Every structure is written in C-alpha cells, then in structure tokens.
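Below is one structure, written out as structure tokens; comments come after it.
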Amino acid sequence: QVQLVESGGGLVQAGGSLRLSCAASGSIFSINAMGWYRQAPGKQRELVAAVIGGRTNYADSVKGRFTISSDNAKNTVYLQMNSLKPEDTANYYCNFEVWSPSLGLKGYWGQGTQVTVSS
C-alpha cells in the first residue's frame with residue numbers, strides 16, 4: 001500500500017506565492033509519474049502539472065507561474081506557485097502512478113490541500 005501526505009496550502013493575497021509538497025510512503029517499487037490536479041467548486045478536476053522522467057507539462061492557465069519539481073530519493077513532489085490569482089482558488093491533489101509486480105501501474109491520490117487566493 002502507498003500513502004500520500006500533502007502540505008503547504010493556505011490563504012494568500014493575489015500576487016503571492018505558495019509551495020505545495022506531497023510525500024509518498026509504503027511499498028514503492030518504482031514511480032512512473034507524479035502530478036498535481038485541482039478542483040474548484042462547480043468545476044471538473046483538471047491537471048495542473050505533471051512530470052514523467054525528466055519531462056514536464058503544464059495547464060495553459062498556469063504556464064510561466066507554476067513549477068513542478070521532485071526529489072526522487074524522498075519520493076516527494078513539489079509545486080511552486082507564484083503570481084497567484086483568485087481563479088487559482090481550489091482544492092489541490094497530488095497523484096502518483098506507482099508500479100509494482102502484483103498490481104502493475106496504479107494511481108494514488110493525496111488527501112487534498114486547500115489553496116485560497118484573495119483579491
């Protein structure tokens with residue numbers, strides 16, 4: 001089993017910054033991908049940023065403002081968020097795709113952390 005624990009959310013003013021962290025623990029054979037998703041009230045959950053190997057991709061709405069990074073030795077993924085806007089307000093969830101001999105590739109979700117940006 002794999003558990004993901006998130007931290008770093010909070011309330012900030014527009015133009016401010018936050019850094020989210022997500023650490024995985026448990027039976028991890030290898031990690032295929034790491035990513036961050038968000039869901040605002042009344043909207044579908046959307047991909048914010050992801051990394052597979054050394055390659056990254058971002059939602060158009062956050063390009064140039066957000067940066068995803070990872071520390072593979074610690075099984076941890078980060079999301080640095082700069083120039084925050086009120087429309088960034090959402091619950092943010094991390095996701096790991098983990099490979100194991102018995103289950104193959106399986107996705108795991110963090111518990112979510114709330115980011116609120118005031119105008």
Side-chain angles (χ1 to χ4, degrees):
Q1 295 289 343
V2 175
Q3 295 184 80
L4 275 57
V5 179
E6 302 182 30
S7 63
L11 174 63
V12 298
Q13 296 181 5
S17 298
L18 284 174
R19 188 190 189 215
L20 306 183
S21 299
C22 177
S25 62
S27 298
I28 300 173
F29 290 83
S30 64
I31 299 173
N32 183 65
M34 305 177 182
W36 289 93
Y37 295 73
R38 68 186 181 187
Q39 188 167 24
K43 291 197 171 185
Q44 190 176 21
R45 185 172 298 186
E46 65 175 349
L47 176 68
V48 177
V51 57
I52 303 175
R55 311 191 73 172
T56 62
N57 66 324
Y58 297 90
D60 289 340
S61 59
V62 307
K63 286 181 179 177
R65 300 188 297 120
F66 291 10
T67 303
I68 188 170
S69 62
S70 63
D71 184 339
N72 292 334
K74 296 182 177 180
N75 293 326
T76 301
V77 66
Y78 306 93
L79 186 68
Q80 179 66 46
M81 304 184 292
N82 299 325
S83 302
L84 283 162
K85 304 175 180 180
E87 49 263 46
D88 295 318
T89 296
N91 277 303
Y92 284 71
Y93 301 86
C94 60
N95 177 271
F96 280 42
E97 284 193 346
V98 178
W99 184 88
S100 67
S102 59
L103 299 178
L105 279 177
K106 182 177 174 62
Y108 296 89
W109 291 95
Q111 81 279 10
T113 184
Q114 177 67 36
V115 172
T116 302
V117 184
S118 62
S119 60

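The structure presented is a predicted model; accordingly, all values stated were derived computationally and were not measured.
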*Does some side-chain heavy atom of Phe96 sit less than 4.5 Å from a side-chain heavy atom of Ile28?*
no
*Name all residues meeting the side-chain hydrogen bond (donor to acceptor under 3.5 Å, both in side chains) criterion together with Gln3; count only those two or more places apart in sequence or in a different chain, and write none if there are none.*
none
*Taking side chain as C-beta onward, heavy atoms only, is Asn57 less than 4.5 Å from Leu47?*
yes
*Should Leu84 and Phe66 count as side-chain neighbours, where that means a heavy-atom distance under 4.5 Å?*
yes
*If you take all heavy atoms of Thr76 and Ala23, which pair is closest and at what distance?*
OG1-CB, 3.7 Å
*Salt-bridged, Lys85 to Asp88, with N to O below 4.0 Å?*
no
*Glu46: what forms a salt bridge (Lys or Arg N to Asp or Glu O under 4.0 Å) with it, not counting sequence neighbours?*
Arg38
*Minimum-distance pair of heavy atoms, taken over all atoms of Ser17 and Val12*: O-CG1, 4.1 Å
*Can you name the one residue among Asn72, Val98, Ile52, Leu4 that meets side chain to side chain contact (heavy atoms under 4.5 Å, CB included) with Met34?*
Asn72
*In chain order, what residues pass the side-chain hydrogen bond (donor to acceptor under 3.5 Å, both in side chains) check against Glu97, with sequence neighbours excluded?*
Asn32
*Would you give the length of the straight line joining atom CD of Gln114 to atom CG of Leu11, rounded to the nearest 0.5 angstrom?*
9.5 Å
*For the student: nearest non-hydrogen atoms of Ser119 and Ala14, plus distance*: CA-CB, 4.5 Å
*Any side chain to side chain donor-acceptor pair (under 3.5 Å) involving residues 98-107? Give me the pairs, sequence neighbours left out, ordered by first then second residue.*
none
*Looking at OH of Tyr93 and CD of Glu6, how far apart are the two atoms once the value is rounded to the nearest 0.5 Å?*
8.5 Å
*Within the distance-only criterion (no hydrogens, no angle test), does the side chain of Thr116 pair as donor or acceptor with the backbone N or O of Thr89 below 3.5 angstrom?*
no
*same_hphob_cluster(Val62, Tyr92) at 4.5 Å side-chain heavy-atom cutoff*: yes
*Would you list the pairs meeting disulfide (SG to SG under 2.5 Å) in which at least one residue belongs to residues 32-89, sequence neighbours left out?*
none
*According to a 4.5 Å side-chain heavy-atom criterion applied to Ile, Leu, Val, Met, Phe, Trp and Tyr, with indirect links allowed, do Tyr78 and Tyr37 form part of one hydrophobic cluster?*
no
*To the nearest 0.5 Å, what is the distance between CG (Asn75) and CD1 (Ile31)?*
4.0 Å
*Pairs where residues 66-107 contributes a residue and the test disulfide (SG to SG under 2.5 Å) is met, not counting sequence neighbours*: Cys22-Cys94
_Smallest separation among heavy atoms of Leu103 and Tyr108, with atom names_ = CD1-OH, 4.1 Å
*Atom CD1 in Ile68, atom CD in Gln80: separation rounded to 0.5 Å?*
12.5 Å
